[in-house]
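Computed from a prediction, not measured in an experiment: that's the story for all the values here. In what follows, every chain begins at residue 1, and chains take the letters A, B, ... in the order their sequences are listed.
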Amino acid sequence: MSVFTAPKGIPEYFPPNSAAFLAVREKLVGAARRAGYGYVELPIFEDTTLFARGVGESTDVVTKEMYTFADRGGRSVTLRPEGTAGVMRAVIEHGLDRGQLPVKLYYAGPFFRYERPQAGRYRQLQQVGVEAIGVDDPALDAEVIAIADTGFRDLGLSGYRLEITSLGDASCRPQYRAELQDFLRKLPLDDETRQRAEINPLRVLDDKRPDVRELLADAPLMVDHLSPECREHYEQVKGHLTDLGVKFVENPRMVRGLDYYTKTTFEFVHDGLGAQSGIGGGGRYDGLMAELGGQPLSGVGFGLGVDRTLLACEVEGVTPGDTARCDVFCVPLGDAAKARLVALAGQLRARGVRVDLAYGGKGLKGAMKAADRSGARFALVVGERDLAEGNAQLKELSTGEQRALPLDGAVTGVLRALGGSDT
RNA sequence: GUGGGUGUAGCUCAGCCGGUAGAGCACUGGGUUGUGGUCCCAGGUGUCGCGGGUUCAAGUCCCGUCACUCACCCCA
C-alpha cells in the first residue's frame, strides 16, 4: 500500500480506459451541442445557501450529503452537489434571461456528494447536463429528453429504458400531497418512513421494500390528480416524444430527490448496473428561478452520469473512443537516426498526426514491441543503413507490410499513407 | 448512519487438516548483433492490511483494528 491514497469513493481513469471515459462525455455533450445548447463553465463551489434554497432544505442531498466548509474569509461554501442551481444563479446574475428565450445551456464536470460509496455511486461524480430556461413548451421537455436518449444511443447503448411521469405543479400538487398524507397516516409504517411521509410524502411511494410496496398498492397517484393544464402538458410531452421516436414507459411512482421539480420528470434506467441503476434524470422546474430571486421563468433540464454511463458501456460490451495512443510510432536505430526522427515527429505532429517515438535507446525488438503496444497503425523505422540510402521504412503493423519511403518527402509520404486507406 | 463480503507480487487471484510463499498477466533481456503481435528460455519484488493472542510452528485458528467492497438508505 502506498503512503498516499486517493480520497474515498472517487473514481480515477487512466490510459487506456480513460479514452472511453472521454468518449462517453464527448458523445453526451455532442448531442446537446447539436440541439443548439451553448457551453457554460461555472464554479465548482458556491455559496452554501444557494444549494440549500435551490435543491431544497428537506432533501437528503442538502441535509446530509453536502461537502460544506468555511473558506478563509469565514464564508460557508459547498462543493456543488448538482448543476441546476448554479446555472440558475449564473443566468440571473449575468442577465442571460434578458434576451431571447429560451436560454439553452450545457455543462460538464465534477459534482460532489458525501455518501457511502457503492458500485456506481461516487463522492466525486462526473455529469453532463443541459438546461433550457424561459419557455414552458412541452416540445422543449421532449427535446431535452431526446438529447439524452440520442447521446446514449450514439454510444451504442441499448439496455436502458426511459421512465417518465408528471409531478404536477402548485395548482394541483398541494391537494394531492395532502390526500397522499392522509392515506399514509393510516398505514402501519415504521417511524422513519412515517417521518418521511410528513416531510416529503411523495418519496414514500418509491420505497423498495416488498412489504411496504404492498401497503402502497392502493395509494393515490399524482398522475390521477393533475390539473387540466398539467395533464395537457403531460399528454403533449408524450406526444412529442412519440413524434421524435423516443420510446418511454410511464412510471407514476417515480420520485426525484430534489425539491424543485414540477410537471415532467424522467429518468434513464439501466438494468445491468446493480443497485445504482439511474444513468440520467431530470425534469421541469418552473418555480426555481423565482425561488432564487430571478424572474419567474420556467425551466427544464437533465443531468447524465458519465461514470455510470461508462459502466453501462462496459456491461454492454461497447468500447467508445480510440484507445490507440498514436498513429505513427518512430523507431530510430542509433543517434543520427534518432535526431532525424525527432525532427520528423515534430513535423508530423504539426500536421495533426499523433506521433510517438521509442525513447531511451531501446533495442529494435523492444522498440517494435513498444510500437505494437502503442496502438499505432504504422511504425516508422530508420537506421544507419536507411540514412545512407536516404530512406525510412514505413511498416503497417496490422499486416506487416513494409516499404521504403524517401526521407526527404517523409512527411507527405506518411500523410498519404494515413489518408490513403483510411476511407 | 446500519448490515454482509474481501484484504497474499504492479494487476487478477490460488494457497487443502496450521509445517519455511505460488500461478497467470504485465514488465525486462535473450532465442532473431535491422523488425512487433504467436512460440520458447531466463530474470523478481512480497512487512501475506495492521496490532495482539493460541501454538514447537500462523498467510492459514481466535480477538481487535483499519482499509476496500457490495447492499440498505439515497441518487447521476
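Among the heavy atoms of the strands lying under 4.0 Å from A:G383 is at least one base atom, whether or not backbone atoms are also near. Within 4.0 Å (heavy atoms only), A:E267 reaches no atom of the nucleic acid at all.
Listed candidates were B:rC72, B:rG37, B:rA76. Nearest to the side chain of A:A275 is B:rC72. Distance from the side chain of A:L125 is smallest for B:rA76 among the nucleotides B:rC27, B:rC75, B:rA76. Checked against B:rG36, B:rC73, B:rC75, the side chain of A:R113 finds its nearest nucleotide in B:rC75. Closest approach to the A:K365 side chain among B:rG31, B:rC74, B:rC73 is made by B:rG31 (side chain taken as heavy atoms from C-beta onward). Taking every side-chain heavy atom of A:Q393 into account, B:rG34 is the closest of B:rG34, B:rA76, B:rC73. Distance from the side chain of A:R373 is smallest to B:rA26 among B:rC74, B:rA76, B:rA26. Across B:rC75, B:rC74, B:rC72, the shortest atom-to-atom separation from the side chain of A:E115 is found for B:rC74. Of the candidates B:rG34, B:rG36, B:rC72, the closest approach to any side-chain atom of A:R116 belongs to B:rC72. For A:K362, the side-chain atoms get nearest to B:rU28 when compared with the rest of B:rG34, B:rU28, B:rA76. With B:rU35, B:rA76, B:rA71 as the choices, the nucleotide that has an atom nearest any side-chain atom of A:L258 turns out to be B:rA76.
No donor-acceptor pair closer than 3.5 Å links the side chain of A:Q127 to the backbone N or O of A:V306.
Judged by the 6.0 Å distance and 45° axis criteria, A:R80 is not positioned over the aromatic ring of A:F51.
Aromatic pair A:Y39/A:Y106: centroids less than 6.0 angstrom apart. Two rings, from A:F329 and A:F378, have their centers 6.0 Å or more apart.
Following rounding to the nearest Å, A:E65 (CD) and B:rA76 (C1') show an atom-to-atom distance of 11 Å. Spacing between atom CD1 of A:I279 and atom P of B:rA76 amounts to 13 Å, rounded to whole angstrom units.
When the P atom is used for both B:rG10 and B:rU47, the distance is 8 Å, rounded to whole Å. B:rU6 and B:rG43 are spaced 36 Å apart, taking the P atom of each and rounding to whole Å. Rounded to the nearest Å, the gap between the C1' atom of B:rU54 and that of B:rC61 is 8 Å. Distance check on atom C1': B:rA71 versus B:rG24 gives 31 Å, rounded to whole Å. The C1' atoms of B:rC63 and B:rC74 are separated by 35 Å, rounded to the nearest whole Å.
A:L184 and A:A197 get closest at one heavy-atom pair: CD1-CB, 3.8 Å.
Between A:Q118 and B:rA71 there is a side-chain N or O to OP1 or OP2 distance below 4.0 Å.
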